[in-house]
Number of protein chains: 2
Amino acid sequence: MVDASVSTRGRRPDAAPSGDGLVPQRDAGRTRTEILDIATREFADRGYNGARVDEIATKTRTTKRMIYYYFGSKEQLYIAVLERVYLQIRTAEQTLDVDGLDPVDAIRRIAELTFDHHQSHPDFIRLVSIENINRAEHMAKSPTFPGQNASVVSLIEQILARGREQGRFARQVDALDVHMLISSYCVFRVANRHTFNTIFGRDLADPALRDRYRAMLGDLVVAYLTELDDDP
Amino acid sequence: MVDASVSTRGRRPDAAPSGDGLVPQRDAGRTRTEILDIATREFADRGYNGARVDEIATKTRTTKRMIYYYFGSKEQLYIAVLERVYLQIRTAEQTLDVDGLDPVDAIRRIAELTFDHHQSHPDFIRLVSIENINRAEHMAKSPTFPGQNASVVSLIEQILARGREQGRFARQVDALDVHMLISSYCVFRVANRHTFNTIFGRDLADPALRDRYRAMLGDLVVAYLTELDDDP
DNA sequence: GTGCCAATGTACGATCTAGTTAGTTACTTA
DNA sequence: TAAGTAACTAACTAGATCGTACATTGGCAC
């Protein structure tokens, strides 16, 4: 099996192609990326078992042979797809800057980032669902995943601490639970859109309802964090 | 080499003792139910595409031919499985009796019923995820589903109305949104258990954490419904 | 320009899988 | 008790699907 990230031997460094200015006919990086793009769509669309290697190959400008040349197997291709979509949300989360914000606004900001990301990346949500159906067994074969997303959680942790100090957050809660709460709301809207719509006749992911559900999430999280326990 | 004159076709391999009058050798209802039971497990376990008709047949006391005899196709078997698991939760929801309860307790009760049902029926949750991966296209072929679950929603609606009358619920919310909120929380814990555990090292569906997450859900819903909007 | 090899293409095969064909028998009922 | 039929079984098929053996070529190093 070939790892394209170290297979650039003999390739021109990224500079202009050999004088004639044409796009080179052979380009490992480009071919590999194109396979990944198509595979992401196909796996997200049809699931791991439903996706067809032949179909992915056909939709690429290259052939099935190249999939096995670069990725080795259907499963390893799928794992590469998973790694890439998770990298995307991790990257998005790292753009967050809530240092100057009030704790209430900061937690709203985080919730809204998750909301917006999931709404605009249904493929990611589908791949996560697919991976859960497979009990995360493919994910387990990659060293990339364990503990990788800790950054958002520690950000939430900081905000909760600030909120408590300032007397804004009355309730004692765990940061990972807050993340779970936000995720569950944002994931459900996209992941369970189809059965929900069939049964209740409401399309949760309808863009027309977006602002309403976005506001509801913020209200929900803030209400939970600020309200005092009402035990008599 | 097979001698056609002594063909074994159609003969039961382990010719069971007949005529003992206790358990009939042939029983359409029992066979059908057994196929459905095994199929539910297999589809929930491996997904629609991942499940194998041959495997389902092998795990049954009967043969693959019977699956086609009773259900016609893999897809129709799957639809029958779906119909049955949805019937179960509908039935559970109908046992709810919250007439005598305070609105706050009543809404907690509904949330906890959903929580408990989903925790104890992971196959149902998996089948729902699988169906969403398939964009609810199989569900759409059954007349059973559209609008069927309206009963919980109208129950929530009644409770919300009572709560507003009594001044307990400050916020103006839609009953279906409350149902969505409860479902998203309860579904996520079970459906996304594996990826969440892989990435964050916490098993949301761990029985040891059950009471904590059950209480959190109630607190969450109540906080959201009772808290006033905090716009200045 | 020539040698080399990464990158690519073609064609095929072993296996799996949904569904079918053909045949058998337990049970009911008249 | 005879006959009809619902319930049942074994063996097969057509087509799909992952993966591979083998052939080929573009472009860089020298």
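Lettering of chains follows the sequences in order, A, B, ..., and the numbering in each one begins at 1.
- In this structure, B/Arg46 pairs ionically with B/Glu42, as a charged nitrogen and a carboxylate oxygen lie closer than 4.0 Å.
- Taking the centre and axis of the six-membered ring of A/Tyr48, the NZ or CZ atom of A/Lys74 falls inside the cone set by 45° and 6.0 Å.
- Taking every heavy atom of residues 67-80 of chain B and every atom of DNA chain C, pairs under 4.0 Å involve B/Tyr68, B/Ser73, B/Lys74, by number.
- With hydrogens and angles ignored, a donor-acceptor pair closer than 3.5 Å exists between the side chain of B/Arg65 and the base of C/dT21.
- Looking at the side chain of B/Lys64, the nearest of the listed nucleotides C/dG19, C/dT8, D/dT9 is C/dG19.
- Of the residues in residues 131-140 of chain A, not one comes within less than 4.0 Å of DNA chain D through any heavy atom.
- If you check the side chains of A/Thr58 and A/Glu55, you find no donor sitting under 3.5 Å from an acceptor.
- Within the structure, every side-chain polar atom (N or O) of A/Thr63 is placed at least 4.0 Å from both OP1 and OP2 of C/dT10.
- A ring-centre distance under 6.0 Å is found for A/Phe124 and A/Tyr86.
- Within residues 41-59 of chain A, the residues having any heavy atom under 4.0 Å from DNA chain D are, by residue number, A/Ala51, A/Arg52, A/Val53, A/Asp54.
- The existence of a salt bridge linking A/Asp177 and B/Arg212 is confirmed by a sub-4.0 Å separation between a basic side-chain nitrogen and an acidic carboxylate oxygen.
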Any chance you could lay out the side chain to side chain contact (heavy atoms under 4.5 Å, CB included) test for B/Val53 and B/Tyr68, step after step, and finish with the verdict? CA-CA 10 Å; B/Val53 177; B/Tyr68 288 91; 3.7 Å; yes
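- Using a cut-off of 4.0 Å between Lys/Arg side-chain N and Asp/Glu carboxylate O, B/Asp37 and B/Arg84 are scored as salt-bridged.
- Electrostatic pairing of A/Arg189 and A/Asp206 does not count as a salt bridge here, judged by no charged N lying under 4.0 Å from a carboxylate O.
- Using a cut-off of 4.0 Å between Lys/Arg side-chain N and Asp/Glu carboxylate O, B/Asp97 and B/Arg109 are scored as not salt-bridged.
- As a whole-Å value, the separation of B/Met66 CE from C/dG19 P is 16 Å.
- As rounded to whole Å, 11 Å separates atom C1' of D/dC8 from atom CD1 of B/Ile35.
- Taking the six-membered ring where tryptophan is involved, the planes of B/Phe196 and B/Phe200 are tilted, since the angle between them lies from 30° to 60°.
- A donor-acceptor pair shorter than 3.5 Å can be found between the side chains of B/Glu83 and B/Ser142.
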